[in-house]
Amino acid sequence: MAFINDEFLLTTETAKELYHNYAEKMPIIDYHCHLPPSEIAEDKRWENIAQVWLGGDHYKWRQMRSNGVDEQFVTGNGSWHDKFVKFAETMEVLLKNPLFDWSHLELARYFGVTDRLCRATAEDIWARCNAQMAEPGFSARGLMTRSNVKAVCTTDDPVDSLEHHKAVADSGFEVKVLPAWRSDKASKIDNPAVWNDWMDKLSAAAGMPVKTWDDFLDAMDKRHAFFESRGCVISDYGVTEIFAAPYTEGEVRAAFRKVREGGVATPAEALKFKSAWLYEGLRADAKANWSTQLHYCCLRDNNTGMFRKLGPDTGFDCIGDWSVTESLSRLFDRLEQDGSLPRTVLYSLNPKDNEMLATLMGCFQKGPDRGKLQLGAAWWFLDQKDGMKKQIEALSALGCLGNFVGMLTDSRSFLSYTRHEYFRRILCGKLGEEMERGEIPNDVAWVGGIVSDISYNNANRYFFGAK
């Protein structure tokens with residue numbers, strides 16, 4: 001039997017019933033991804049599988065380096081054919097790595113290839129996949145349509161023009177392609193040159209001078225409204241830790257003015273500014289009725305030499321270890337007291353935080369929203385079988401699993417939608433096993449309804465207000 005088959009990861013009859021009847025055909029809402037909107041607008045095509053598979057995937061790049069592959073065949077000027085072969089060779093030692101599963105799922109679902117990818121099969125698979133790349137279903141939009149995607153939220157800077165989102169909307173493409181507000185660069189006051197350059201871009205985008213803290217808030221409010229006009233319903237904050245230091249408006253105004261006029265903020269001033277930036281950002285989200293995402297605990301750009309050579313998001317980040325319980329509580333409590341706590345999805349890259357986040361969320365849940373605060377899907381290094389099961393366990397033990405908004409790709413690849421299938425199979429496999437052991441009621445219709453909600457319905461309700 002082929003490794004990828006109809007019953008992949010489904011070890012019980014109940015699991016098979018849950019997956020095939022309640023999860024498999026549900027649409028996809030990919031509410032956090034890094035797809036380039038320009039590639040959707042132009043309906044990009046690729047000449048070969050390596051371009052769409054390896055072109056921006058730092059998950060694969062990390063493992064190729066771990067297998068001793070020279071950088072020229074990772075991000076360098078090696079041919080696409082040779083890069084594909086080097087990845088095929090790497091697959092021979094990736095047993096139990098999620099990339100092994102994802103890659104074979106992608107080969108099976110998009111190309112109909114069920115052979116195991118290795119050095120011996122690389123040339124045949126290369127030829128078979130490339131023979132299909134010119135077909136209509138292998139353009140950017142074709143892959144999204146084939147994957148039953150209903151909506152994606154990209155990741156966009158407040159100074160972006162969003163011209164590509166408009167072009168997609170005007171084209172009549174049936175998949176919603178919406179921006180997501182990612183204002184991290186506004187917080188980088190401890191890097192004055194980069195920060196001031198970004199503030200100049202904000203000034204240009206908002207059509208107003210940005211010289212003071214009050215100017216900044218006004219300009220961000222204008223851009224927030226512009227994003228909303230383009231369909232934005234969600235923000236995202238990618239931070240190392242949660243900033244919630246006490247500050248006064250006077251201290252923040254002084255720090256802003258100091259750096260805007262060429263000075264350098266002290267660490268204490270920078271922390272106060274970042275705390276104000278995060279608070280005001282979430283407050284604006286609540287006012288607009290957006291949902292907020294908080295991603296934290298990633299230690300980024302650890303390899304200085306490679307960062308200088310390749311830049312960020314190239315495979316040199318790792319799990320961080322910061323204690324954020326008190327700062328998160330302080331931030332949420334202040335927002336709640338102001339009546340400004342938005343719907344919020346919480347992601348920690350450190351699995352030790354699952355139970356903490358699940359219990360902290362319970363302190364701030366509030367109707368009429370079901371699951372107003374969410375324990376986000378297992379993220380990045382955790383979106384593998386063990387990480388997903390641990391996230392499900394923490395949420396089900398300490399919260400309401402039935403309100404979970406489900407999976408996302410967090411990817412730059414148009415072939416990554418099989419991560420939703422992977423998650424759904426793991427969810428159904430786990431619940432099916434527990435039903436057959438008598439650990440949860442063996443009521444397929446009831447549990448199946450929860451599976452359908454987690455697969456699609458909850459996200460549709462949470463982010464888009466569907467009934």
Side-chain angles (χ1 to χ4, degrees), residues 4 24-61 75 79-84 87-88 99 102-115 117 122 124-156 160-180 230-232 313 407-422 456:
I4 300 300
E24 184 175 18
K25 293 180 173 60
M26 296 301 290
I28 288 173
I29 292 178
D30 200 31
Y31 55 89
H32 176 64
C33 73
H34 296 275
L35 293 178
S38 60
E39 295 183 359
I40 305 173
E42 70 186 42
D43 199 17
K44 182 173 180 174
R45 303 198 69 95
W46 299 266
E47 296 177 2
N48 57 67
I49 183 177
Q51 288 179 340
V52 67
W53 224 24
L54 301 173
D57 193 338
H58 53 78
Y59 285 85
K60 294 185 177 78
W61 296 348
T75 62
S79 71
W80 286 114
H81 168 272
D82 291 349
K83 290 179 178 180
F84 179 83
F87 180 64
L99 273 177
W102 297 344
S103 298
H104 285 103
L105 271 172
E106 291 166 10
L107 288 173
R109 297 295 176 253
Y110 295 109
F111 299 95
V113 173
T114 56
D115 298 331
L117 179 60
D124 178 62
I125 292 176
W126 169 259
R128 290 165 64 187
C129 293
N130 290 345
Q132 302 177 59
M133 291 301 294
E135 296 177 5
F138 285 89
S139 69
R141 296 190 190 187
L143 289 167
M144 296 172 78
T145 301
R146 288 176 61 190
S147 302
N148 198 18
V149 178
K150 295 303 180 185
V152 298
C153 297
T154 58
T155 303
D156 308 279
D160 288 349
S161 68
L162 304 185
E163 60 189 283
H164 302 300
H165 295 84
K166 183 178 186 302
V168 173
D170 291 347
S171 74
F173 184 42
E174 63 270 22
V175 178
K176 290 182 181 179
V177 180
L178 306 176
R230 289 287 183 264
C232 184
D313 304 319
M407 194 54 181
L408 44 84
T409 65
D410 188 30
S411 176
R412 293 165 174 79
S413 171
F414 288 88
L415 296 179
S416 290
Y417 295 112
T418 52
R419 293 186 192 178
H420 286 263
E421 176 184 346
Y422 194 59
Y456 173 77

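All heavy atoms count here, side chains included; hydrogens, waters and symmetry mates do not.
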Member of L105, L408, L143, T409 meeting the side-chain contact (heavy atoms from CB on, under 4.5 Å) criterion with S416 = T409
With E421 via side chain to side chain donor-acceptor pair (under 3.5 Å) - residues at least two apart | R109, R425
Which atom pair, heavy atoms only, marks the closest approach of L117 to H104?
-> N-NE2, 3.0 Å
Between T155 and H32, is a side-chain contact (heavy atoms from CB on, under 4.5 Å) present by the stated rule, with each step listed?
-> CA-CA 7 Å; T155 303; H32 176 64; 3.8 Å; yes
Could I get the full list of side-chain contact (heavy atoms from CB on, under 4.5 Å) partners for S139, not counting sequence neighbours?
-> D43, R45, R141
Determine whether S411 and C33 make a side-chain contact, defined as any pair of heavy atoms from C-beta on separated by less than 4.5 Å.
-> no
Hits for side chain to side chain donor-acceptor pair (under 3.5 Å) against E163, two or more places apart or cross-chain, chain-then-number order -> S161
List for me each residue that meets side chain to side chain donor-acceptor pair (under 3.5 Å) alongside S38, sequence neighbours excluded, and say none if there are none.
-> none
Taking every heavy atom of C153 against every heavy atom of A180, the minimum-distance pair comes out as CB-CB, 4.3 Å
V177 and T154: which non-hydrogen atoms are nearest, and at how many Å?
-> CG1-CG2, 4.4 Å
Measure the acute angle between the ring planes of W126 and F84, then classify it against the limits of 30° and 60° as parallel, tilted or perpendicular.
-> tilted
Are D410 and R419 ion-paired here, with the side-chain N under 4.0 Å from a carboxylate O?
-> no
Evaluate the criterion side-chain contact (heavy atoms from CB on, under 4.5 Å) for residue pair Y31 and M407; output intermediate values, then yes/no.
-> CA-CA 9 Å; Y31 55 89; M407 194 54 181; over 6 Å; no
V149 and V175 have their tightest heavy-atom pair at O-CG2, 3.2 Å
CD of E47: more than 12 outside heavy atoms within 6.0 angstrom?
-> no
Steps toward side-chain contact (heavy atoms from CB on, under 4.5 Å) verdict (M144, Y417) | CA-CA 8 Å; M144 296 172 78; Y417 295 112; 3.7 Å; yes
Determine the interplanar angle of the W102 and Y59 rings, folded into 0 to 90°, and report it as parallel if under 30°, tilted if 30 to 60°, perpendicular if over 60°.
-> perpendicular
Side chains of T145 and E174: closer than 4.5 Å at any heavy-atom pair?
-> yes
Hits for side-chain contact (heavy atoms from CB on, under 4.5 Å) against P27, two or more places apart or cross-chain, chain-then-number order -> N148, K150, Y456
Can you find a side-chain donor-acceptor pair between H420 and D30 that sits under 3.5 Å?
-> yes
Do T114 and L107 touch side chain to side chain, with heavy atoms closer than 4.5 Å?
-> no
Check the pair R412, D313 against side-chain contact (heavy atoms from CB on, under 4.5 Å), reporting the backbone distance first and the verdict last.
-> CA-CA 11 Å; R412 293 165 174 79; D313 304 319; 3.5 Å; yes
Taking all non-hydrogen atoms of both residues, which atom of I49 and which atom of C129 are closest, and how far apart?
-> CD1-SG, 3.8 Å
Separation of L35 CG from K44 NZ (nearest 0.5 Å) | 11.5 Å
Minimal heavy-atom distance between F138 and M133, with the atoms involved, is CB-O, 3.5 Å
Consider only side-chain N and O atoms of T418 and Y110, and report whether a donor and an acceptor are under 3.5 Å apart.
-> no
First locate atom NE2 of H165, then atom CG of D170, and finally report the distance between them rounded to the nearest 0.5 Å.
-> 13.0 Å
W46 and F414, any side-chain heavy atoms less than 4.5 Å apart | yes
Which residues pass the side-chain contact (heavy atoms from CB on, under 4.5 Å) test with T75, sequence neighbours left out?
-> W61, R65, E71, L310
Distance (rounded to the nearest 0.5 Å) between N48 CG and Q132 CD | 13.5 Å
